[in-house]
Amino acid sequence: MTHLILIISGFVIGLIAAVPIGPVNLLCVRRTFAHGSLYGFLSGLGAALADGVFATIVGFGFTAIAQLIKDHSTVLEVVGGTMLLVFGVRTFLAPPQLRLDDKLKAREQDASSLARAMASTFALAITNPATLLAFTAMFAGVAGLVGGQASYFGAGLLVCGVLAGSTTWWFTLTTVAGLFHAKINDGIMTLINRASGVVITTFGLVVFGHLIWRML
């Protein structure tokens, strides 16, 4: 029964970590509209893998790594904020790219392009140290739920649950977004690019604003 609770709890934690609308969600939806469900899903999978890394660090008690992330939180926020600004500006200025010609479509769907899509969202998600604190709090709650019974096997089940929950969200989001792909024209895609670019850039500015406020 405890093992089932750990898996379900991990699944719910994975959903909680992935669902809130943020820059990665907007980026994945925009990529789904522009390039299709597979491209969008693999972009989301990069964020799911980042969630898995944070969950592994917390679940298996890698305190040295966790402390390293905390000690370099400012650097990570600068990197993450810069990436958000770059993604935001690029998204804002991007052409609709709704109807790709065969050569461009093949290039966007090749293995290297898909790997880059996954790597970019992984990098964006892994540079957010606040996620580590969120997983620490949620995992502490699960520990209380199961009576503080700690084991590597239990931690592994919890991490697997997180990956399953996060992956399920990205699959659902990009599949639903992909259903509307054929119904979106270039004008709507341009509006999506502009709106997404503004919001993602705003997230980047908020990150730098937080850094400045923290240093005052």
Side-chain angles (χ1 to χ4, degrees), residues 11 13-58 69 72-73 75-94 97 100 107-135 159-160 162-178 180-181 189 192-208:
F11 188 88
I13 289 173
L15 286 176
I16 291 173
V19 166
I21 299 300
V24 177
N25 276 269
L26 292 172
L27 198 60
C28 290
V29 170
R30 185 258 171 189
R31 286 177 174 178
T32 300
F33 285 152
H35 308 299
S37 297
L38 178 61
Y39 199 95
F41 171 65
L42 288 178
S43 294
L45 196 58
L49 291 176
D51 287 341
V53 170
F54 283 126
T56 300
I57 291 171
V58 176
I69 292 175
H72 294 82
S73 61
V75 175
L76 289 173
E77 285 191 51
V78 169
V79 173
T82 302
M83 289 179 64
L84 286 172
L85 292 178
V86 171
F87 279 129
V89 173
R90 288 183 62 185
T91 300
F92 185 88
L93 298 176
Q97 288 186 325
L100 303 177
R107 190 179 69 189
E108 289 293 351
Q109 298 298 331
D110 67 21
S112 61
S113 179
L114 295 174
R116 287 195 300 272
M118 186 187 300
S120 64
T121 47
F122 175 83
L124 192 58
I126 205 70
T127 53
N128 182 10
T131 307
L132 180 67
L133 300 178
F135 273 109
V159 171
C160 288
V162 169
L163 285 170
S166 185
T167 301
T168 297
W169 166 251
W170 294 116
F171 178 78
T172 303
L173 177 67
T174 54
T175 299
V176 172
F180 296 95
H181 173 67
M189 193 65 224
I192 291 172
N193 286 349
R194 300 293 185 268
S196 298
V198 169
V199 174
I200 294 172
T201 302
T202 301
F203 274 108
L205 293 174
V206 168
V207 170
F208 280 107

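The basis for the numbers below is simple: all heavy atoms, side chains too, and nothing from hydrogens, waters or symmetry mates. Note that the numbering runs from 1 along the sequence shown for the chain.
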Problem - Shortest non-hydrogen contact from Val159 toward Gly52 - result: CG1-O, 4.2 Å
Exercise for the section: Verify, without hydrogens or angle tests, whether Ser120 (side chain) and Ala117 (backbone) share a donor-acceptor contact under 3.5 angstrom. Expected result: yes
Problem - Pairwise side-chain contact, Phe54 with Ile126, heavy-atom cut-off 4.5 Å (strictly under) - result: yes
Exercise for the section: Could you grab the distance from atom CG of Leu45 to atom CG of Leu114, nearest 0.5 Å is fine? Expected result: 11.0 Å
Handout entry: Gap between atom CG of Leu38 and atom CG of Leu42 - 0.5 Å precision
Key = 4.5 Å
Fill in the blank from the handout: Between Trp170 and Cys28 the two heavy atoms that sit nearest each other are CZ3-SG, 3.9 Å
Practice task
Identify the heavy atoms of Ser113 and Tyr39 that sit nearest to each other, and give their distance.
Solution key: OG-CE1, 3.5 Å
Problem - Modelled atom types, side-chain donor and acceptor of Asn25 and Trp169, under 3.5 Å - result: yes
Practice task
Check whether any side-chain heavy atom of Leu163 lies under 4.5 Å from a side-chain heavy atom of Phe11, and answer yes or no.
Solution key: no
Problem - Backbone of Ala123 reached by a side-chain donor or acceptor of Thr127 within 3.5 Å - result: yes
Handout entry: Beyond-backbone contact of Val29 with Leu26, side-chain heavy atoms, under 4.5 angstrom
Key = no
Completion exercise
For Phe208 and Leu85, the nearest pair of non-hydrogen atoms, with its separation, is CE1-CD1, 3.6 Å
Problem - Taking every non-hydrogen atom, the tightest pair across Ala177 and Phe33 - result: O-CE2, 3.2 Å
Exercise for the section: Return the minimal non-hydrogen interatomic distance between Thr32 and Gly40, and the atom names on each side. Expected result: OG1-CA, 3.2 Å
Practice task
Hey, could you give me the CZ/OG1 distance between Arg116 and Thr121, rounded to the nearest 0.5 Å?
Solution key: 13.0 Å
Exercise for the section: Without swapping roles, check the side chain of Arg194 against the backbone of Phe92 for a donor-acceptor pair under 3.5 Å. Expected result: yes
Practice task
Calculate, to the nearest 0.5 Å, the distance between atoms CG and CG belonging to Leu27 and Leu124 respectively.
Solution key: 7.0 Å
Exercise for the section: Output the distance between atom CE (Met83) and atom CG (Asn128), rounded to the nearest 0.5 Å. Expected result: 11.5 Å
Completion exercise
Taken in chain and number order and not counting sequence neighbours, the residues that satisfy ring-ring contact (aromatic ring centres under 6.0 Å, His included) with Phe171 are Phe41
Exercise for the section: State, yes or no, whether a side-chain contact exists between Met118 and Leu49 at a heavy-atom distance under 4.5 Å. Expected result: yes
